[in-house]
Amino acid sequence: MSPQAQDQAQSLVQSVDWLAIAPPTVVAVVALAVLVADLFVDGRRKELLGWVSVAGLALAALALLPLLDGDRSTFCLTGAADVCSYTADRFTLVVQFLVLGGALLAALLSMTTLKDAGKNVGRDVAKDVGRDAVKDSDKALPEGEFWFLLLSSAAGAALLPASRDLATLIVALEVASLPAFALVGIKHGDRKSSEAALKFFLSSVTATAVSLMGVSFVYASTGTLYLTEIAAKIEKVDPQLHTLAQAGVVLTLVGFAFKTAAVPFHFWVPDTYVGAPLPVAAYLSVVGKAVGFSGLILVTVIALPSYADVWGPALAALAALTMTIGNVGALRQRATRAYSAVRLLAWSSVGQAGYLLVPIAAAAYSDDAEKAIGSTLAYALMYAAVNLGAFAVAALVARTKPLNRISDYRGLYASRPLAALVLGFFLLCLAGLPPGIIGLFAKVTVFSAAVEAGLGWLAVVMAVNVVIALFYYLQWTALLFRAPEGEPESHRVPAPLTAAIALTAVLGVALSGAPQLILRFSDTGLF
């Protein structure tokens, strides 16, 4: 090889900062280890795979600690150290903490669900939804495949906030999404689960195709995929390509709007949450949203700040529609309908997505975009803790009431006083009422971001929706403390489920006692 060829080859070699990429790498390695171990572990010891998965997620979360010292980047262009594909800054660490923490809690819930799979769910299921439901519920879940899919999705979700070019961003998005389709439909032979997975898959693939077309338009307009370079070049785009660039911006946003369950891309949410195993629904409600919102923030605030006049009004309109449709949908749930508790949480998550969109829209109008984005992260951290806690209590109730109707929670305080108090606290946090101070604090932060950006009309829409949401949250909370209709049922609660409820409760109470900590922690460091 000639000296010139050697120099060119050397210029293509990039050093890898293994510490920076440790969190998603650890999760990916553990996922492969679990998949291989599943071939050799005896069926009676499959629970070990769950504990290995939990340990792997905890280790990945601990790998964030050495990164707190300062920003780190890797996979950078030779000769341009500031143009990189992977950056571990404050924003990345906050979202990775949310993703890995959410996946860890979902894993704890999954251990109980996998252990209980195959057990008969009782006569009330056969009476209300027929013999097929009993047969479906008796299907055992494949544990090895489940843990591999969950960890693979978590690895993609942890990679996405660190992505600083559109190619890596889309790949991370799909790595997070594709295993999630399989997780939703993992109940073999369950028609409800299969239908939910198919609806989720088809709608997601369509959104991804639209988003990829948008990315190709942006690349054609700017000649680069790196977010920071796009931000610089798209301002000077040829006038003949201006329409192409605008179309690319809009189409790129569509894919991420789907992931956030923003209206009108929300129609998959209720059926998917009901059809999926409950821990998977909890995972999608938190980690799935973190993926969508982090991608949305990177594309808008980092890559396309000069097109704020395009994406700002669009996101403001989406926020208003999303919070309104979500809260009205939750309000219409009948307490005696099968799976109405899960459906209410699904529609509630759509409404909460609307609140999360408000500060991102405000960033288009604000002089301090970083502060606005910090409001979204603060709200996301609050929502993750309390929503996972609500799903954890729902999983507890589902052990004796598999139909998970809202009416099944009547008199929960008589049989499970601590669970009732914890669920009541989580619902008050979501409503933004004391003693759920962290929920009130997060809503005020988002409301302030809208007002400071001059979006008074959006702040009014948010205030109206908060009042609407109060009705169904308080109605469910009051039901917990009514006199039970029958004899209270008691049973032993598995340790992983107890741990998940306890962790979320402790986190919610601690943050309610010191809500200012969450805002300090959510300082993005994006700029």
Side-chain angles (χ1 to χ4, degrees), residues 22-24 26-27 54 56-65 67-68 87-109 150-151 153-163 169 172-173 175-177 180 256 259-261 279 281-298 349 352-353 355-357 359-360 373-392 426 429-430 438-439 441-442 445-446 500 503-504 506-508 510-511 515 517-526:
V26 168
V27 180
V54 170
L57 289 167
L59 181 61
L62 290 175
L64 297 173
L65 295 178
L67 302 177
L68 294 175
T87 298
D89 54 15
R90 186 77 173 187
F91 170 81
T92 299
L93 299 185
V94 172
V95 179
Q96 286 182 338
F97 172 76
L98 193 160
V99 164
L100 296 172
L104 177 60
L105 289 167
L108 289 173
L109 295 179
L150 182 66
L151 290 170
S153 179
L159 171 62
L160 192 138
S163 304
L169 202 63
L173 184 66
V175 171
S177 300
F256 294 102
K259 299 301 179 184
T260 60
Y283 176 84
L284 291 175
S285 73
V286 171
V287 179
K289 276 188 174 50
V291 166
F293 279 103
S294 56
L296 198 60
I297 289 168
L298 290 172
S349 74
Q352 299 289 339
Y355 302 145
L356 285 162
L357 280 170
I360 306 177
I373 297 305
S375 299
T376 289
L377 294 183
Y379 197 95
L381 290 169
M382 178 282 299
Y383 168 76
V386 300
N387 203 62
L388 282 168
F391 269 102
F426 291 144
C429 284
L430 290 171
I438 184 58
F441 178 81
T445 302
V446 169
L503 282 172
T504 51
V506 169
L507 188 59
L511 291 177
L517 294 177
I518 202 168
L519 195 58
R520 291 178 187 171
F521 184 67
S522 61
D523 180 22
T524 64
L526 271 173

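Each residue takes its place number in the sequence, starting with 1.
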Seminar exercise, completed: Value for CG (Leu59) from CG (Leu104), rounded to nearest 0.5 Å, stands at 11.5 Å

For this session: Report yes if the side chains of Leu67 and Pro23 come closer than 4.5 Å at any heavy-atom pair, otherwise no.
Result: yes

Exercise. Are any non-hydrogen side-chain atoms of Leu511 and Phe441 less than 4.5 angstrom apart?
Worked result: no

For this session: Report yes or no: does Thr376 contribute a side-chain atom to a donor-acceptor pair with the main-chain N or O of Leu356 at less than 3.5 Å?
Result: yes

Exercise. Any side-chain heavy atom of Asn387 within less than 4.5 Å of one from Phe426?
Worked result: no

Seminar exercise, completed: In this structure, CD1 of Ile373 is separated from OG of Ser294 (nearest 0.5 Å) by 11.0 Å

Exercise. If you take all heavy atoms of Val291 and Ala176, which pair is closest and at what distance?
Worked result: CG2-CB, 4.2 Å

Exercise. Under the side chain to side chain donor-acceptor pair (under 3.5 Å) test, which residues partner Tyr379, sequence neighbours left out?
Worked result: Gln352, Lys443

Seminar exercise, completed: Heavy-atom nearest pair, Ala107 first then Leu57, reads CB-CD1, 4.0 Å

Exercise. Can you name the closest pair of heavy atoms from Gln96 and Ala162 and give their distance?
Worked result: NE2-CB, 4.3 Å

For this session: Measure across Lys289 and Ser349 and return the closest heavy-atom pair with its distance rounded to 0.1 Å.
Result: CE-O, 3.1 Å

For this session: Would you indicate whether the side-chain heavy atoms of Val94 and Leu98 approach each other to under 4.5 Å?
Result: no

Problem set entry | Validation row: Phe91, Ile297 side chains within 4.5 angstrom (heavy atoms) | yes

For this session: Answer whether the closest heavy-atom distance between the side chains of Leu507 and Ile438 falls below 4.5 Å.
Result: no

Exercise. Under the 3.5 angstrom rule, does the side chain of Tyr283 hit a backbone N or O of Ala180 as a donor-acceptor pair?
Worked result: no

Exercise. Can any side-chain N or O of Thr504 pair as donor or acceptor with the backbone N or O of Ala385 at less than 3.5 Å?
Worked result: no

For this session: Begin with the C-alpha distance, continue with both residues' side-chain angles, and end with the deciding distance and a verdict on side chain to side chain contact (heavy atoms under 4.5 Å, CB included) for Leu169 and Leu298.
Result: CA-CA 9 Å; Leu169 202 63; Leu298 290 172; 3.8 Å; yes

For this session: Measure the shortest side-chain to side-chain distance between Phe256 and Leu173 over non-hydrogen atoms and say whether it is less than 4.5 angstrom.
Result: yes

Problem set entry | Heavy-atom closest pair, residues Val99 and Ala290 | CG2-CB, 4.0 Å

For this session: Determine, stepwise, if the pair Phe97 / Leu381 fulfils side chain to side chain contact (heavy atoms under 4.5 Å, CB included).
Result: CA-CA 9 Å; Phe97 172 76; Leu381 290 169; 4.3 Å; yes

Exercise. Do Leu108 and Leu503 come close enough that some side-chain heavy atom pair is under 4.5 Å?
Worked result: yes

Seminar exercise, completed: Between Ala353 and Thr260 the two heavy atoms that sit nearest each other are CB-O, 3.3 Å

